[in-house]
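Following: one structure in structure tokens, then a few remarks.
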Amino acid sequence: MIADKKIVFSGVQPSGNLTIGNYLGAIKNFSAFSDEYKCFYCVVDLHAVTVRQVPAELRRRTYETLALYIACGLDPEKNTLFVQSHVPAHAELAWSLNCYTMFGELSRMTQFKDKSAKHANNINAGLFTYPVLMASDILLYQTDLVPVGVDQKQHLELARDIAIRFNGVYSDTFTVPEGYIPPAGMKIMSLADPTSKMSKSDPNANAVVYILDSKDDIIRKFKRAVTDSDCEIRYAEGKDGINNLMSIYKCFTGKEFSDIEREFDGKGYGDFKLAVGEACADALAPVRGEFERLMADKAYLEGVMKAGADEANYHARKTLSKVYRKIGFTQIK
Ligand code: TRP
């Protein structure tokens, strides 16, 4: 608890290429937490270097990710937005927690298995201990709730296990966090293959709509979206492409499925795809404008980073010194 509020923490990798799936399924809803919770949103640059990064790109993407979050509605006055490497306690706690995490547990992580298959020439120790750093991120802030995608569920479970284990050895030290997985309806599928999730690393450029795509690109991608051959705009089993487009349209316009069916009764897929593209482009235009404005104001972004780091550092230090005391490290004033 901080000032009587429960705590939310989430981390995002510094990649500017967020998709409308990330937007509708996660970021857009993050701002809703800030009334009820004390929220920390962290750009996890330490995590990013578990795979090889081009230094200038990593730096640029760190700014971009922060700017994008603010542009999507996360107000830095109401949320603590910060960069992981600016708060040394993350790396420090990760070392200690490494010693309370089992080799076998980390070996079972599916993301480690996937990533080591994908980066076979760089299976570094950081890739292996990645979930321990993530546990440290979460546990440092005595987090109650962690909004994450389903793909991070296993890491979150591990964070809970580490917290429970540490508390068991030394008495209560960490809050045991709960995950918050967005409702399934929020899952946005690929435009090229509506049976698989829209993924920012999809090699097919037409499958993915990025938050920062231009209006023309957005409309072109929706025009090419894969549908079916029955020409009816109706939410139904087996109509994965249309269902996905209807969900996207619903998210951007707030209309219910029954209203959408009525709106496009007797119309063709071409008209519908254009309408979805336009609704999406119109909703994202202000986000893109705000993003560009923020990226042109580095001094402002650095001010946000600094204020966020100061605030995060204060809370993180408190937990870290508690942990060090319990472990038995000597402390000097
Ligand atoms: N591993 C998360 C991902 O790739 C990012 C992350 C790092 C995170 N630390 C976190 C998410 C802490 C939630 C809480 O999506």
Side-chain angles (χ1 to χ4, degrees), residues 6-19 21-23 25-27 29-30 33 37-51 53 58 61-62 65-66 68-69 74 79-94 97-98 101 105-106 109-116 118-119 124 126-163 174-182 186-188 197-201 308-309 312 315-316 319:
K6 288 194 166 190
I7 295 155
V8 161
F9 184 100
S10 197
V12 259
Q13 298 253 7
S15 142
N17 293 342
L18 295 175
T19 72
N22 300 124
Y23 179 71
I27 313 173
N29 314 309
F30 279 0
F33 284 118
Y37 293 87
K38 167 82 187 153
C39 300
F40 294 88
Y41 295 113
C42 178
V43 182
V44 293
D45 54 351
L46 299 176
H47 278 102
V49 297
T50 53
V51 301
Q53 300 284 339
L58 176 60
R61 290 209 171 122
T62 302
T65 306
L66 182 69
L68 196 53
Y69 268 64
L74 284 184
N79 302 274
T80 303
L81 308 178
F82 72 106
V83 176
Q84 196 181 25
S85 65
H86 296 167
V87 182
H90 290 249
E92 294 171 278
L93 182 63
L97 294 186
N98 270 329
T101 309
E105 289 178 301
L106 292 175
M109 294 293 121
T110 55
Q111 187 170 304
F112 171 69
K113 292 188 219 165
D114 292 349
K115 284 204 181 169
S116 37
K118 214 164 131 193
H119 305 275
N124 60 71
L127 198 61
F128 189 63
T129 59
Y130 177 113
V132 184
L133 180 59
M134 178 163 160
S136 305
D137 297 342
I138 298 167
L139 301 180
L140 269 178
Y141 299 91
Q142 305 294 348
T143 302
D144 296 284
L145 200 64
V146 186
V148 275
V150 241
D151 61 321
Q152 296 299 312
K153 211 172 149 197
Q154 200 185 23
H155 290 165
L156 187 70
E157 283 299 320
L158 182 66
R160 289 170 52 90
D161 291 344
I162 296 172
F174 296 121
T175 302
V176 179
E178 299 289 334
Y180 173 80
I181 314 259
M186 287 301 193
K187 194 164 161 196
I188 303 300
K197 192 180 148 206
M198 185 180 282
S199 153
K200 64 183 169 194
S201 50
H315 297 288
T319 301

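Both ligands and their constituent atoms are indexed starting at 1 by order of listing. All figures in this text were calculated on a predicted structure; none of them were measured in a lab.
Checked against the 6.0 Å centroid criterion, the rings of His315 and Phe9 do not qualify as a close aromatic pair. In summary, the aromatic rings of His90 and Tyr141 are positioned with their centroids under 6.0 Å apart.
Atoms of ligand 1 lying under 4.0 Å from any heavy atom of Val146, numbered from 1 in the order shown and given with element: 13 (C), 14 (C). Of all atoms in ligand 1, listed by their number and element, those nearer than 4.0 Å to a heavy atom of Val44 are 7 (C), 9 (N). Close approach of ligand 1 to Val148 (heavy-atom distance below 4.0 Å) involves ligand atoms 11 (C), 13 (C). Under a 4.0 Å criterion applied to the non-hydrogen atoms of Gln13, ligand 1 contributes the atoms 4 (O).
Checking only distances, Asp137 does come within under 3.5 Å of ligand 1, N or O to N or O. Taking only nitrogen or oxygen atoms, main chain and side chain alike, Ser10 does not reach within less than 3.5 Å of ligand 1.
Tested against Glu178 for a salt bridge (charged side-chain N to carboxylate O under 4.0 Å, His left out), the candidates Lys153, Arg160, Lys6 yield a single pass: Arg160.
Closest to atom 1 (N) of ligand 1 among all protein heavy atoms lies Tyr130 OH, 2.7 Å. The single protein non-hydrogen atom nearest to atom 5 (C) of ligand 1 is Gly11 O, 3.5 Å, given as residue, atom name and distance.
The distance from the NE2 atom of His155 to the CG atom of Leu133 is 11.0 Å, given to the nearest 0.5 Å.
For the residue pair Thr101/Asn98, the side-chain donor-acceptor check at 3.5 Å is not satisfied.
Ring geometry for Phe33 against Tyr37 counts as perpendicular: the plane angle is over 60°, on a 0 to 90° scale with 30° as the lower cut.
Between Gln152 and Val146 there is no side-chain heavy-atom pair separated by less than 4.5 Å.
At a heavy-atom cutoff of 4.0 Å, ligand 1 is contacted by the side chain of Ile138 but not by its backbone.
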